[in-house]
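Read through the structure below, which is laid out as structure tokens, and then see the notes.
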Amino acid sequence: MSDPNIPDMQEESHHVNLNPQPEPPGEPVMSTGETLTNIFFEPGRVFEALRVRPRFLIAGLIILISITAYTMSLYQHVGYENFIRSAIESSPQSANMPPDQKERVIEMQTGPVFKAVNYASPLIVVAIFITLGGALYLLGTMVMARSISYKQALSVWTYSSFPPTVISMLLNVVLVFIKSPDDIDPIQARRGLVRANLGLLVDQSAHPVLATALGSFDLLSFYGLFLAALGLRKVARLSSGSAWTIVLIIWLLGVLLRLAFSTITGGAM
């Protein structure tokens, strides 16, 4: 006879989990180095990690360095004065300018002050580009009735821009040193020597607005749009449709802005 004060071991065994299931994994945690490399191979996991720990500074600095490296290599290989001369002589604003006045403008643009400004301009452009981009993603997410921090939005913009920019600038630098300086058009080189867009179908000088429009359909740009939509899905917990709506509207606004500048300046953007 069993003692009623002693619990039945068979009954107790039904309450013991002999094969406990592991706890569900938490949010992925990555170092800065891991996010910079894995964004090329596992972008979804990277954006999940950025949701928990958003970061953008190192990726932004690498973007800046890569753009600056291409700009400096282009100036050194083609010649800074040749680059400035081609830009001024092809400008519609200087078409009716007397030769002596045009030379004075070229001399001023190649002076130390303007040269320093041209070399430093990528820093300003990239800073504005990243700062404004993060604000646009933040605003777009709020319109979709979701909430993320500005730092999270900034991380999505920076890391979605990181792979296409680094790949493009690396290929551009290689092409600068492969090509002869005589084969490089300084005007077209401002947009990069790598041409993975429909702008190849038209002459930029003859049809600048059309070239700008067609140039917007760019393979590397679409790669960045894919990463951006994925980032907004993972970080802001948006649906695929909402994320793509935000990304495509901002892309379209950028295209319209470039078309407007191209129409005003008479050059491809």
Side-chain angles (χ1 to χ4, degrees), residues 60-132 161 165-166 168-195 197 199-200 202-216 218 220 254-269:
L61 287 175
I62 294 176
I63 290 173
L64 170 63
I65 291 170
S66 64
I67 293 175
T68 303
Y70 169 61
T71 302
M72 294 183 67
S73 63
L74 187 63
Y75 285 159
Q76 293 295 322
H77 193 62
V78 177
Y80 179 78
E81 182 175 344
N82 293 332
F83 191 90
I84 297 299
R85 182 178 294 276
S86 296
I88 293 175
E89 289 180 347
S90 62
S91 173
Q93 287 79 7
S94 64
N96 299 322
M97 191 178 295
D100 58 336
Q101 184 179 356
K102 190 179 296 185
E103 286 298 323
R104 286 197 298 270
V105 173
I106 294 173
E107 183 180 355
M108 180 178 63
Q109 291 285 339
T110 54
V113 175
F114 279 92
K115 190 173 183 179
V117 170
N118 284 326
Y119 271 95
S121 60
L123 174 62
I124 301 172
V125 172
V126 171
I128 294 174
F129 177 79
I130 293 177
T131 303
L132 181 60
S161 304
T165 302
V166 170
S168 175
M169 291 302 109
L170 179 61
L171 293 175
N172 277 322
V173 170
V174 172
L175 286 176
V176 164
F177 292 104
I178 289 178
K179 286 190 169 187
S180 167
D182 296 332
D183 295 332
I184 297 177
D185 184 346
I187 306 304
Q188 296 185 2
R190 288 184 300 176
R191 299 185 63 191
L193 298 176
V194 177
R195 308 294 300 281
N197 56 66
L200 286 168
V202 297
D203 184 353
Q204 291 188 12
S205 301
H207 308 284
V209 177
L210 180 59
T212 299
L214 293 176
S216 300
D218 182 88
L220 287 172
V255 173
L256 294 176
L257 188 62
R258 287 196 298 273
L259 288 173
F261 274 110
S262 180
T263 303
I264 294 171
T265 61
M269 301 297 295

Item checked: With Phe129 via ring-ring contact (aromatic ring centres under 6.0 Å, His included) - residues at least two apart -> Trp157

So how far is it from [X] [atom1] to [Y] [atom2], rounded to the nearest 0.5 Å?
{"X": "Ile178", "Y": "Asp183", "atom1": "CD1", "atom2": "CG", "result": "12.0 Å"}
{"X": "Thr165", "Y": "Ile67", "atom1": "OG1", "atom2": "CD1", "result": "5.5 Å"}
{"X": "Lys115", "Y": "Ile84", "atom1": "NZ", "atom2": "CD1", "result": "9.5 Å"}
{"X": "Ile106", "Y": "Asn82", "atom1": "CD1", "atom2": "CG", "result": "10.0 Å"}
{"X": "Thr212", "Y": "Leu257", "atom1": "OG1", "atom2": "CG", "result": "11.0 Å"}

Notebook entry, point to check: Among all residues two or more places apart in sequence or in another chain, which pass the side chain to side chain donor-acceptor pair (under 3.5 Å) test with Asn118?
Noted result: Tyr80

Margin query: Any heavy-atom pair between the side chains of Leu170 and Ser66 that's under 4.5 Å?
Written below: no

Contacts of type side-chain contact (heavy atoms from CB on, under 4.5 Å), residue [X], not counting sequence neighbours:
{"X": "Val255", "result": "Ser216, Trp251, Arg258, Leu259"}
{"X": "Ser168", "result": "Asn172, Leu220"}
{"X": "Met108", "result": "Phe114"}
{"X": "Val176", "result": "Tyr70, Ser73, Leu74, His77, Leu193"}

Checklist line | Of all pairs that satisfy salt bridge (Lys or Arg N to Asp or Glu O under 4.0 Å), the ones with a partner from residues 66-76, not counting sequence neighbours | finding: none

Item checked: Inter- and intrachain pairs under side-chain hydrogen bond (donor to acceptor under 3.5 Å, both in side chains), touching residues 103-112, at least two apart -> Arg85-Glu103

